[in-house]
Asks: 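Quick one: structure below, then a few questions.
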Number of protein chains: 2
Amino acid sequence: MAKYKEIAATIRKRISDGTYPAKTALPEQIKLAQEFKTSRMTIQKALEILMFEDLIYSKQGSGTFIKSNAASLSQLDTGINQYIGTTALFKGKSEVRSQVLEKKLRLPTPDESEYLQLDEIEAVYDIIRLRFLDGKPYSIEHSVMPAKILKNLTKEILEKSIYYYLENKLGLKIGSAYRKISADKPNDMDQKYLKCDLTEPVLQVEQTVFLQNGIPFEYSTTRHRYDQGSIITVTKGNGAPA
Amino acid sequence: MAKYKEIAATIRKRISDGTYPAKTALPEQIKLAQEFKTSRMTIQKALEILMFEDLIYSKQGSGTFIKSNAASLSQLDTGINQYIGTTALFKGKSEVRSQVLEKKLRLPTPDESEYLQLDEIEAVYDIIRLRFLDGKPYSIEHSVMPAKILKNLTKEILEKSIYYYLENKLGLKIGSAYRKISADKPNDMDQKYLKCDLTEPVLQVEQTVFLQNGIPFEYSTTRHRYDQGSIITVTKGNGAPA
DNA sequence: CAGTGGTCTAGACCACGTT
DNA sequence: ACGTGGTCTAGACCACTGC
């Protein structure tokens, strides 16, 4: 592994085990460079990682400090702000199953061709899946995906995880996602499949997901029963003044 | 401005105006270093900014490429994933006003002292505000903040923006935030103040906001009328494999 | 003014992908 | 094998903070 990553890991460990206590200053970059027998640039690359993880922050002219919530943050082993699909989310805790309500190939609507950056002649898969958690329905997901990316999409893949198929079978990497989250009254499908009555709202997540190269690969709308899910987000502070 | 930031700005401009078209490779780092009369390290710091902004990505051994959604992304002048308060969000578009329904000093509940990392003997402000957009109520915000941070909180400040007060008057910087977003049935207050009937749900955002040094400064629950707001998030792809 | 982090250089070698 | 990005060095000077 790269030296600066190893240094970052060492410092991260010292933060989580209390060797470097919260709210105190880290040793100066020069000292760290001496200790790790490296240059200041390399120390800075290591510290940059920890800043990105929100464990420390620097003030020019003053020092580099450990955030007061750093110890608890460093326990989380994965990065900030993940885009975990529903299948991975409940992994190990419960049993998740998908029922494919619809799977057809059609042409995109004008909106969809804009969101997915497609020509009007390029077909899309139109898929509706009902998700079950431990046998109980908890969400309906309506996905539209370009057929040229998801070739040979089978029902079997849809019943498992599309994300797994993309990354492991097609070798494509997921990049960013835009999401719009809102609350809504239950519509006919919600009432039928999610067993919502008129006073039971849904949490709707409308999202466009991009591959690493910036090509959109999915536009979807997911509606959750209000008592069956919430969205957690972590927003990192910007360094730049407004 | 630092040279690497200027270089990043120049390249960003070339991406947005099409000088460097989407899906193509950027000039090699050596070439860029020559053009800008600088070293490769400085070019890399410039490119790092653009990667963080999700405009480009690199593949070792291959090149640095422009994402296909880069041009549209570079139009957004502000950074990714902002934590803008409601006041700033609607700036220039509409008129936002706050009515303070409650403002008292009390001791924290066990949950609150955990979220806010407070001793049970440290007082908190308990504040309930009703927000109006163009004269119509659209959300109720219940905030709990440590009194030791927000000294001398006046009703006047509450009617404007707490965030503005923090950053400009107290010189404190906002850092990260954790949010939990969910949908819910309207409760008594929602029905009374947001004029929700029983079939009109609310979008609830429960959040803990931290200062730059990691100290929590606000735990709040905001309930929006379902037809008056949605949450937009942008999730950046991780570089690391799962 | 002393001490800290921020930027920058002009090289070098390594790791990876492509051919 | 070659060309790309990734890492790393051993310095230098600048910008800011705090005494």
Side-chain angles (χ1 to χ4, degrees), chain A residues 1-11 15 20 23-67 170-173 175 212-213 237-241, chain B residues 1-11 15 20 23-67 170-173 175 212-213 237-241:
Chain A
M1 184 167 30
K3 190 186 285 188
Y4 73 99
K5 287 180 185 167
E6 284 176 358
I7 295 172
T10 301
I11 297 177
I15 290 173
Y20 295 150
K23 305 184 201 181
T24 64
L26 235 53
E28 306 84 61
Q29 295 178 358
I30 295 276
K31 295 277 175 56
L32 290 171
Q34 288 166 358
E35 182 197 336
F36 290 101
K37 297 189 199 318
T38 185
S39 65
R40 246 185 88 205
M41 285 289 312
T42 301
I43 293 297
Q44 284 179 317
K45 287 199 73 168
L47 296 182
E48 192 176 74
I49 294 176
L50 303 178
M51 284 183 216
F52 190 76
E53 291 173 0
D54 225 21
L55 297 178
I56 62 175
Y57 66 101
S58 294
K59 271 168 72 176
Q60 183 170 159
S62 175
T64 302
F65 302 89
I66 294 145
K67 293 206 179 194
L170 297 180
L172 299 174
K173 286 186 184 164
Q212 189 187 54
N213 60 13
N238 55 6
Chain B
M1 189 168 23
K3 190 187 283 188
Y4 74 97
K5 287 181 185 167
E6 283 177 358
I7 295 172
T10 301
I11 297 176
I15 290 174
Y20 296 150
K23 302 183 202 183
T24 64
L26 234 53
E28 307 84 61
Q29 296 178 359
I30 295 276
K31 296 276 174 58
L32 291 171
Q34 288 164 359
E35 182 197 336
F36 290 102
K37 298 188 199 317
T38 186
S39 66
R40 246 184 91 205
M41 284 288 315
T42 301
I43 293 296
Q44 284 179 316
K45 286 200 72 168
L47 296 182
E48 192 175 75
I49 294 177
L50 303 178
M51 283 181 216
F52 190 76
E53 291 174 0
D54 226 21
L55 298 177
I56 63 175
Y57 65 101
S58 296
K59 272 167 69 175
Q60 183 169 156
S62 177
T64 302
F65 302 89
I66 294 145
K67 293 207 179 195
L170 297 182
L172 299 173
K173 287 186 182 162
Q212 190 187 54
N213 60 13
N238 55 4

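A, B, ... follow the sequence lines: proteins, then strands. Residue 1 opens every chain.
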Asks: Rounded to the nearest Å, what distance is computed from the NZ atom of residue A:Lys3 to the P atom of nucleotide C:dC13?
Replies: 15 Å
Asks: Under 4.0 angstrom, heavy atoms only, what part of the nucleic acid is A:Ser39 near: base, sugar-phosphate, or nothing?
Replies: base
Asks: B:Gln44 side chain N/O closer than 4.0 Å to the phosphate oxygens (OP1, OP2) of D:dT7?
Replies: no
Asks: Any side-chain heavy atom of B:Ile7 sitting closer than 4.5 Å to one from B:Lys3?
Replies: yes
Asks: If I compare all heavy atoms of A:Met51 with all of A:Ser58, which pair ends up nearest, and what's the gap?
Replies: CE-OG, 3.0 Å
Asks: Taking all atoms of both residues into account, what is the closest heavy-atom pair of B:Phe36 and B:Ile43, and its distance?
Replies: CD1-CD1, 4.1 Å
Asks: Can you list the stems that DNA chain D is part of, where a stem is at least 3 pairs in a row, each Watson-Crick or G-U, with both distances below 3.5 Å?
Replies: C:1-18 with D:1-18
Asks: Need to verify one output field. Residue with the more 5' nearest nucleotide on DNA chain D, A:Ser62 or A:Met1?
Replies: A:Met1
Asks: Mind checking whether B:Ile56 and B:Ile15 have side chains closer than 4.5 Å, heavy atoms only?
Replies: yes
Asks: Return the nearest nucleotide to the side chain of A:Met41; candidates are D:dC8, C:dT9, D:dC16.
Replies: C:dT9
Asks: How far apart are the closest heavy atoms of B:Glu6 and B:Met1, and which atoms are they?
Replies: OE2-O, 3.6 Å
Asks: Can you tell me the distance, in whole Å, between the OH atom of B:Tyr4 and the P atom of D:dC13?
Replies: 21 Å
Asks: Roughly how many Å is it from NZ in A:Lys37 to C1' in D:dG11, rounded to a whole number?
Replies: 19 Å
Asks: Starting at atom CG of A:Leu32, determine the distance to atom C1' of C:dG3, rounded to an integer number of angstrom.
Replies: 15 Å
Asks: Can a side chain N or O of A:Ser58 be found less than 4.0 Å away from OP1 or OP2 on C:dT4?
Replies: no
Asks: What is the minimum heavy-atom distance between A:Leu50 and A:Ala8, and which atoms define it?
Replies: CD2-O, 3.8 Å
Asks: Return the value, rounded to whole Å, for the distance between atom CD1 of A:Ile30 and atom C1' of D:dA12.
Replies: 12 Å
Asks: Of all the heavy-atom pairs spanning B:Tyr4 and B:Ala46, show the shortest one and how long it is.
Replies: O-CB, 3.3 Å
Asks: Quick one: A:Lys45 NZ to C:dC14 C1', roughly how many Å, whole number?
Replies: 13 Å
Asks: OP1 or OP2 of D:dG5 sitting under 4.0 Å from any side-chain N/O of B:Thr64?
Replies: yes
Asks: Taking atom P of C:dG3 as reference, at what distance in whole Å does atom NZ of A:Lys59 sit?
Replies: 19 Å
Asks: Considering just the side-chain nitrogens and oxygens of B:Gln60, establish if one lies under 4.0 Å of OP1 or OP2 belonging to D:dG3.
Replies: no
Asks: Measure CD/A:Glu28 against P/C:dA2 and give the value in whole Å, please.
Replies: 17 Å
